[in-house]
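These notes are about the structure you will find just below.
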Number of protein chains: 2
Amino acid sequence: MPSNSSLSTSAASNPQTRHKIVVCTDLGPALPLLRDRRDIDVVTWTENRCCDRNWMLQNIVGASGVVVCFQNAVDRELVETAGPNLRVVSTISVGYEHIDLNVLAQHNIRVGYTPDILTDAVADSAVMLALMASRRAGHSYAFVKNNEWPTFHWTPFAFCGPQLSTTTFSPTPPCGLWNHTLHLHPPAPAPSRNPHATNNSAPLTGSYPSRPSTSPALARDSDVLFVLAPGGPTTRHLVDEAFLRLMKPTSVLVNNGRGSVVDSTALARALAEGWIWGAGLDVVEEEPHVGPEHPLVGEPRCVVLPHIGSAALETRAEMATLTARNALAGVLGQPLPVALDYSTLV
Amino acid sequence: MPSNSSLSTSAASNPQTRHKIVVCTDLGPALPLLRDRRDIDVVTWTENRCCDRNWMLQNIVGASGVVVCFQNAVDRELVETAGPNLRVVSTISVGYEHIDLNVLAQHNIRVGYTPDILTDAVADSAVMLALMASRRAGHSYAFVKNNEWPTFHWTPFAFCGPQLSTTTFSPTPPCGLWNHTLHLHPPAPAPSRNPHATNNSAPLTGSYPSRPSTSPALARDSDVLFVLAPGGPTTRHLVDEAFLRLMKPTSVLVNNGRGSVVDSTALARALAEGWIWGAGLDVVEEEPHVGPEHPLVGEPRCVVLPHIGSAALETRAEMATLTARNALAGVLGQPLPVALDYSTLV
């Protein structure tokens with residue numbers, strides 16, 4: 001039963017009012033945390049695709065909470081259509097570019113999100129991409145699919161790539177992290193709103209210099225460079241032609257951060273001309289508009305995956321569970337398990 | 001200058017005789033270890049494909065040593081064509097199925113090979129295959145190649161697979177090794193010659209039970225099962241339908257050992273019917289005659305790579321170096337750096 005605005009202008013002002021939560025994305029095993037409660041009405045988008053905007057606008061009316069993913073814009077229209085009951089927006093993501101924080105601040109609506117939980121799953125995929133890029137797994141995978149194995153002449157150095165584990169040649173292979181150790185760390189203060197925020201790192205752990213205009217040591221020393229930086233103008237094309245030209249011809253670039261951090265045109269040239277050995281990309285500029293005509297998709301030394309870094313069942317189940325708990329706490333007026341403190345961002 | 005059999009019937013009996021080494025495979029950066037010596041004649045196959053048998057037979061005459069890979073059969077014909085100078089066969093492989101050890105024993109010819117060196121490179125590829133199989137990397141890689149990303153509707157559980165790193169759901173995911181920990185270990189005593197050899201493990205580390213007819217605990221407990229066992233009749237189809245039916249529906253099978261250890265027909269059914277989650281195979285029964293019509297190559301939850309487990313540049317360079325050193329020591333009458341003790345195998 002939806003909340004009835006003729007009885008109450010705000011659910012917050014009347015604890016007897018039934019709360020409605022609109023769930024715009026698949027919460028999988030976490031949905032029962034909401035659906036099984038008798039004191040809450042849950043309206044759920046059930047199709048296995050991105051939630052329709054019109055469906056959201058129709059169902060948001062009178063809702064106390066809304067559960068979204070990064071594809072669902074939470075803007076002034078949605079908030080005003082929801083009406084005064086809306087207390088919480090709970091997103092199943094670490095990013096919040098899809099949420100208009102200024103509008104939410106004006107209406108005193110809280111935001112729940114899911115940072116940190118996905119770190120290990122992304123790390124797994126970063127290691128996988130580093131191995132796939134160095135050991136030419138994309139090429140060799142296609143080789144079998146394309147029926148080339150039966151006529152293959154084996155030679156000792158066929159399909160070889162640099163070894164990631166230690167060897168007598170390289171007992172301590174250097175690994176660069178464009179993230180934790182050296183530079184930007186998600187969730188950084190929203191860079192699109194405050195380009196100077198990276199100079200002000202007080203609330204975050206680690207060091208956050210302003211845009212590193214040059215980092216020749218990082219480029220020159222890394223056998224594997226993991227790019228894990230967030231997007232936005234302050235990190236755009238940190239890995240550009242000049243940077244790539246400094247890297248070793250046996251080095252591997254992995255991007256699990258945001259596509260915009262790496263200049264795709266320069267990277268395609270670096271691979272084609274052998275400035276670096278290979279690349280493993282979970283994110284690409286202009287994604288998802290990336291198809292076989294893209295120079296990086298067609299490049300044999302590049303592995304492009306469709307942004308699946310955190311796509312591990314356990315991690316997504318944990319993200320869904322936290323998203324449900326954030327929504328529930330929000331509508332019940334309790335502290336959110338993990339709230340976005342957006343006071344510095346608006 | 002080739003050795004001259006009119007002056008000496010055996011180079012071994014005359015230290016003044018020049019030695020000839022026939023190199024039938026690409027030794028890459030290790031070739032100068034032989035070629036740069038003034039006291040040795042080196043004849044090298046230089047084409048980037050498997051050495052011709054006829055070329056081998058023509059050039060082996062009078063040789064003191066021969067360098068081969070697993071594709072070059074070393075049999076009675078070759079040994080008798082070489083003549084009495086032949087002292088050493090040096091193979092760039094851990095396996096020796098291509099070498100007729102009985103013939104070599106009759107002629108007192110030593111065998112150099114390259115065990116152990118490739119362990120880390122194979123371990124890297126095993127981890128890569130486990131990640132690729134669990135995280136559906138083959139499927140998602142093809143997804144981008146096939147231009148499906150631009151029209152993709154993201155949902156939280158799309159592309160998800162089991163997480164290999166620890167999670168709150170699974171803080172200690174069990175990993176099975178069909179090799180070191182539990183069963184057979186390469187280089188095991190040649191199983192095709194002595195099927196009872198695995199009961200006699202004295203010269204080897206670890207325990208070597210005879211064929212494990214059932215290993216339900218290994219099947220039931222493993223989240224990831226790494227098959228690293230050698231081939232031959234004693235290990236054939238250790239992973240069969242009965243074994244696969246015991247495995248968890250979220251488990252992943254990785255085979256870096258020999259294709260014959262896993263029943264391909266049963267595995268294809270296990271994947272299609274969801275008995276297990278996925279498989280990552282560097283080796284397949286009947287390889288290299290494995291193309292797109294093969295049920296495992298067409299299976300979306302299976303990643304098949306063309307036996308590239310040890311194909312890391314540093315490892316292959318180390319294997320090539322050891323192969324050259326084995327050949328050199330053999331023709332000079334010195335102890336081989338790594339000799340195959342085949343006394344128990346013939």
Side-chain angles (χ1 to χ4, degrees), chain A residues 25-26 28 48-50 69 71 92 120-121 123-125 127-128 131-132 135 137-138 140-141 143-145 147 149-150 152-170 287-292 297 303-306 308 311-320, chain B residues 25-26 28 48-50 69 71 92 120-121 123-125 127-128 131-132 135 137-138 140-141 143-145 147 149-150 152-170 287-292 297 303-306 308 311-320:
Chain A
T25 195
D26 180 11
N48 189 30
R49 59 186 178 89
C50 182
C69 72
Q71 292 181 312
I92 184 167
D120 287 346
D124 282 358
S125 82
V127 169
M128 177 177 79
L131 285 162
M132 289 180 72
R135 298 291 293 275
S140 60
Y141 176 79
F143 181 87
V144 175
K145 289 271 188 190
N147 206 22
W149 199 1
F152 171 55
H153 284 276
W154 188 88
T155 59
F157 294 92
F159 285 114
C160 278
Q163 185 162 337
L164 290 200
S165 56
T166 58
T167 66
T168 55
F169 291 90
S170 181
E287 69 178 66
H289 304 291
V290 173
V297 176
V303 171
V304 180
L305 300 184
I308 60 165
L313 289 167
E314 293 86 344
T315 284
R316 290 282 166 87
E318 289 195 71
M319 289 168 69
Chain B
T25 194
D26 181 11
N48 190 28
R49 58 186 178 89
C50 183
C69 72
Q71 292 182 311
I92 184 167
D120 287 346
D124 282 359
S125 83
V127 169
M128 177 177 79
L131 285 163
M132 289 180 73
R135 297 290 295 273
S140 61
Y141 177 79
F143 181 87
V144 175
K145 289 272 188 191
N147 207 22
W149 199 2
F152 171 55
H153 283 276
W154 189 89
T155 59
F157 293 92
F159 285 113
C160 278
Q163 185 161 338
L164 290 199
S165 57
T166 57
T167 65
T168 55
F169 290 90
S170 180
E287 68 179 64
H289 305 292
V290 173
V297 175
V303 171
V304 180
L305 299 185
I308 59 163
L313 289 167
E314 293 86 344
T315 284
R316 289 281 166 87
E318 289 196 70
M319 290 168 69

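The model shown is predicted, which means the values in this text are computed figures rather than measured ones. Throughout, protein chains are lettered first and strands after them, A, B, ... in sequence-line order, and every chain is numbered starting at 1.
In this model, a donor atom of one side chain and an acceptor atom of the other lie less than 3.5 Å apart for Asp124(B) and Ser165(A).
Proximity to chain B is limited to the side chain of Phe143(A), based on heavy atoms less than 4.5 angstrom apart. When heavy atoms are compared at a cutoff of 4.5 Å, Tyr141(B) approaches chain A by way of both its backbone and its side chain.
Judged by distance alone, the side chain of Glu314(A) and the main-chain N or O of Gln163(B) form a donor-acceptor pair under 3.5 Å.
In terms of heavy-atom proximity, Ala317(B) sits nearest to Phe157(A) at N-CE2, 3.8 Å. Val144(A) and Leu305(B) make their closest contact through CG2-C, 4.1 Å (heavy atoms, listed as atom of the first residue, atom of the second, distance). When all heavy atoms are compared, the tightest approach of Arg316(A) to Ala158(B) is NH1-O, 4.1 Å.
Comparing Ala320(B), Gly291(B), Pro292(B) by heavy-atom pairs within less than 4.5 Å of chain A, the highest count is held by Pro292(B). The most heavy-atom pairs under 4.5 Å with chain B, out of Pro162(A), Pro156(A), Ala137(A), Ser140(A), come from Pro156(A). Among Arg135(A), His289(A), Met132(A), the residue making the largest number of heavy-atom pairs under 4.5 Å with chain B is Arg135(A).
For His153(A), the side-chain contact (heavy atoms from CB on, under 4.5 Å) partners at least two apart in sequence or on another chain are Arg49(B), Cys50(B). In terms of the side-chain contact (heavy atoms from CB on, under 4.5 Å) criterion, residue partners of Pro288(B) (sequence neighbours excluded) are, by chain and number, Trp149(A).
The shortest side-chain heavy-atom distance between Val297(A) and Lys145(B) falls under the 4.5 Å cut-off. The closest side-chain heavy-atom distance from Pro306(B) to Phe152(A) is not below 4.5 Å.
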Test side chain to side chain contact (heavy atoms under 4.5 Å, CB included) on Val127(B) and Leu131(A) and set out the steps. CA-CA 9 Å; Val127(B) 169; Leu131(A) 285 162; 4.1 Å; yes

